[in-house]
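One structure is given here, and the rest of the page talks about it.
Note that the structure is predicted; figures quoted are calculated from it, not measured.
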Amino acid sequence: MGDGAVRAGGPVRTRFAPSPTGEVHIGNVVAVLISASIARKHGGQFFIRLEDTDRSRYQEGAEGLIYNALSWLGIEWDEGPDKGGPYGPYRQSERLDRYRAYTEQLLASGAAYRCWCTPERLDQMRKEQQARKVPPRYDRLCLGKSEAERRALPGFTDRYTVRVLMPTEGQFTFTDAIRGDITFDYATQQDHILVRSDGFPVYHLAAMVDDHDMRTTHIVRGEEWISTTPVHYQVFKAFGWDVPAIAHSPLLLNTDRTKISKRKHPWAKVEWFMEQGFLPEAVVNYLGNLVAFVPDPENPDPSIARELFGLEEIAKHIDLANIGPSGKIIDIPRLEWLNGQYIRRLSLREFSRRVAPFMRDVAGLDQGILSKALPLEQERLKRLSEAPEVLGFFFRDEQYDPKILIPKGLDGQKALEILQASRDAIEDLATEGPSWTAEAIKDALWPLAEALGVKTGQLFGAGTVRAAVTCRLVGPPLFETMEALGVDTVRRRLDAAIERLSLVESAR
RNA sequence: GCCCCCAUCGUCUAGAGGCCUAGGACGCCACCCUUUCAAGGUGGAGAUCAGGGGUUCGAAUCCCCUUGGGGGCACCA
């Protein structure tokens, strides 16, 4: 219910029809999520079709990026160029003969006509219309003329295009499955080009023909398509076909409410989210929040939302009529929060597997240390990409200002005293034998607080031992960290700290 | 300029005429827990439902206008 008019009989069929021009825009993922979820909700099919009729924009490898993005997100497709299906081929470049036949049909019925105008003439016409502040539209110079008749007039080329004949009067209304009725005056519409002069169809023809042939029941696409919907309906009408339900999904916006563009904004690409160490679960959950409301099953109050959910819940609760049509500002802090939630829920094994790609270039990486360090950092990460920076000190000594060795409320001399006492305790522990465990380290260091008359916070918090051992002020729990680092590194770093701090102190 | 879409806390969202002195989440603030940082727990600030008119006994919810934001105006999708 609420998902628009579904054609009688036949399964619900939705699709993702991207143009293979590069990376996948995150805004497309919203439409994909809606499409795939609607199909799943109704037990139908979701398929991929490549809109590759513009050879000049085609990019090698883009097809793989599309499959990769969907796979990463965990969205499965039933049919596509890669796996075939009953309505293939699923690449428009392989369907050219069909478009040709359909074009002939349109030409024969008079629903479309040839246009021999040069691009220059069209360009000039547009400029004049803009200057006169009237809606730019084709003046129909070629309508009803034979090639010979048209040739006699200026701005002629024999490489013709094909235009759809639009009504010129009255209004056009269609029901958007998300937004409701949308109305246009035909007077503001123009005869769009359906077939380019190189014989290739444009989206307006190819996509509609394919959606009919492939039995698409719901066309879900971005808001930027609203204004060309009258053309698309006209194409369906010209063939006498039923029109699928059409839904225009909300746009994703930057913080300043402008449209996210692949050129200017790195986060426009799905690939950016991968590189930044966002889990696909978090991305799906975040975007899912924009297209479906999932109530908390634990809570009797239906207005309380469930925060963590996946594809299954989205499919269960999605309803086109209830999708908010307004543009959505992308809220990275919320995504990060979700990401943290999912990172913490990963098994250690899975967590290790997922951070591994981010750790590749870490200098001095040691698998033994890493396996001990990872569990300490898992609950602290918002993005997997933070791992190399946050774990860096485990694998190499880092430069730091000796001032960080002095904790709040104490002076350099006291800090030196603490470090020396800790160093001695560590030495004792090391000579005792094979007891280098967090527990043993704690037992050895803990009594020092009382003995030295300082708080445990001053001893193990920001400063002294922590700073010496990790070269930083913040990090995971100290004793576990020391265990992971190993006794040699701890000794070496304590020695270095003592030496440096003494130098500073004696210089005063 | 023309056409179209949109409008509830900073952000996402619940709300389909009375249950709303508007609920939740992120973020923010405070406190608790605590060896730092997180995580977790508790509490708080934060929205005269963009503004103005209607309709109605009653409007965040319906209608109109204004304002603001966005999208489109290609032989790209």
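The separation of B/U34 from B/G40, taken at their C1' atoms, amounts to 11 Å, rounded to a whole angstrom. The gap from the C1' atom of B/C31 to that of B/A45 amounts to 15 Å, rounded to the nearest Å. Between B/C57 and B/C20, the distance separating the two P atoms is 23 Å to the nearest Å. Spacing between B/A47 and B/A25 at atom C1', rounded to whole Å, works out to 15 Å. When the P atom is compared between B/G70 and B/G24, the two are found 31 Å apart, to the nearest whole Å. Comparing the C1' positions of B/G69 and B/C26 gives a spacing of 23 Å, expressed to the nearest Å. If you take atom P in B/C75 and the same atom in B/U67, they sit 33 Å apart, rounded to whole Å. For B/G41 and B/G27, the P atoms lie 12 Å apart once the distance is rounded to whole Å.
Residue contacts for A/T161: at a heavy-atom cut-off of 4.0 Å it reaches a base atom on one of the strands shown. Within 4.0 Å (heavy atoms only), A/Q341 reaches sugar-phosphate atoms of the nucleic acid but no base atom. Counting non-hydrogen atoms under 4.0 angstrom, A/P477 reaches a base of the nucleic acid. Within the nucleic acid shown, A/Y286 has no heavy atom closer than 4.0 Å to any nucleic acid atom. Heavy atoms of A/R344 sit under 4.0 angstrom from primed sugar atoms or phosphate atoms, though from no base atom. Counting non-hydrogen atoms under 4.0 angstrom, A/T53 reaches the backbone sugars and phosphates but no base. Using a 4.0 Å heavy-atom distance criterion, A/E379 is classed as a base contact. Note on A/T229: nothing from the nucleic acid sits closer than 4.0 angstrom, heavy atoms only. Residue contacts shown for A/R179 are limited to sugar-phosphate atoms, with no base heavy atom under 4.0 Å away. No engagement by A/P407 is indicated, since no non-hydrogen atom pair under 4.0 Å with the nucleic acid exists.
Here A/K414 pairs with A/E417 in a salt bridge; the nearest charged N to carboxylate O distance falls below 4.0 Å. In this structure, A/E147 does not pair ionically with A/R114, as no charged nitrogen and carboxylate oxygen lie closer than 4.0 Å. The residues A/E350 and A/R345 are annotated as not salt-bridged, no charged nitrogen and carboxylate oxygen being separated by less than 4.0 angstrom. The pair A/K262-A/E23 does not meet the salt-bridge criterion, since no charged nitrogen lies less than 4.0 angstrom from a carboxylate oxygen. Between A/E51 and A/R221, no side-chain nitrogen of the basic residue sits less than 4.0 Å from a carboxylate oxygen of the acidic one, so the salt-bridge criterion is not met. With salt bridges taken as basic N to acidic carboxylate O contacts below 4.0 Å, none links A/E223 and A/K328. Ion pairing between a basic and an acidic side chain is recognised when a charged N comes within 4.0 Å of a carboxylate O; A/R49 and A/D211 show such pairing. The pair A/R100-A/E104 does not meet the salt-bridge criterion, since no charged nitrogen lies less than 4.0 angstrom from a carboxylate oxygen.
Under the 6.0 Å distance and 45° angle rule, A/R55 counts as a cation-pi partner of A/F200.
Across the strands present, B/U66 finds its partner in B/A50; the criterion is a Watson-Crick or G-U wobble pair with both atom distances under 3.5 angstrom. When Watson-Crick and G-U wobble pairs are counted only if both distances are under 3.5 Å, B/A45 pairs with no nucleotide at all. In a base pair of the Watson-Crick type (N1 to N3 plus N6-O4 or O6-N4) or a G-U wobble (N1-O2 and O6-N3), with each distance short of 3.5 Å, B/C26 is matched with B/G10. Nucleotide B/C73 forms a Watson-Crick or G-U wobble pair with B/G1, both donor-acceptor distances falling under 3.5 Å. Base pairing of B/G18: its partner is B/C57, meeting the Watson-Crick or G-U wobble criterion (both donor-acceptor distances under 3.5 Å).
Listed pair A/R196 / B/C76 meets the phosphate criterion, a side-chain N or O lying under 4.0 Å from OP1 or OP2. Residue A/K328 has a polar side-chain atom (N or O) positioned under 4.0 Å from OP1 or OP2 of B/U13. Between B/A74 and A/R126, a contact under 4.0 Å exists linking OP1 or OP2 to a side-chain N or O.
Residue A/T464 forms a side-chain contact (heavy atoms from CB on, under 4.5 Å) with just one option from A/I406, A/I418, A/I404, and that option is A/I418.
Look at CD1 on A/I246: it is 15 Å from P on B/C5, rounded to the nearest Å. B/C37 atom P lies 11 Å from atom CZ of A/R380, rounded to whole Å. A/E51 places its CD atom 7 Å from the C1' atom of B/A77, with the value rounded to the nearest Å. Here B/A74 presents its C1' atom at 8 Å from CD1 of A/I193, a figure rounded to the nearest Å. Whole-Å rounding puts the A/F16 CZ to B/A77 P distance at 15 Å. Distance CD (A/Q92) to P (B/C76): 13 Å, rounded to an integer number of Å. Atom P of nucleotide B/U36 and atom NZ of A/K455 are separated by 11 Å, given to the nearest angstrom. Atom P of nucleotide B/U36 and atom CD of A/E377 are separated by 16 Å, given to the nearest angstrom.
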Step by step, would you call A/F278 with A/W267 a ring pair (Phe, Tyr, Trp, His ring centres under 6.0 Å)?
CA-CA 12 Å; A/F278 287 107; A/W267 52 86; over 10 Å; no
Using a 4.0 Å cut-off on protein heavy atoms (strictly under), produce a 5'-to-3' string for nucleotides 66-72 of chain B with B for base contact, S for backbone-only sugar-phosphate contact, and - for none.
---SSSS
Under 4.0 Å protein heavy-atom contacts per nucleotide of nucleotides 18-34 of chain B, with B for base, S for backbone only and - for none:
-----BSSBS-------
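With rounding to the nearest 0.5 Å, the separation of NE2 in A/H232 from NE2 in A/H204 is 5.0 Å.
Put simply, the side chain of A/S197 and the base of B/C75 share a donor and an acceptor less than 3.5 Å apart.
Mapped onto RNA chain B by nearest heavy atom, A/D185 and A/I329 fall at different nucleotides, with A/D185 at the one closer to the 5' end. Where A/I182 and A/Y160 meet RNA chain B, the nucleotide closest to each residue was compared, and A/I182 sits on the side nearer the 5' end.
Here B/A77 is the nucleotide among B/A77, B/U36, B/A16 with the atom lying nearest to any side-chain atom of A/R57. The listed nucleotides are B/C6, B/U13, B/A16; the one nearest the side chain of A/P325 is B/C6.
Aromatic ring orientation, A/W225 versus A/Y203: parallel (interplanar angle below 30°, classes split at 30° and 60°).
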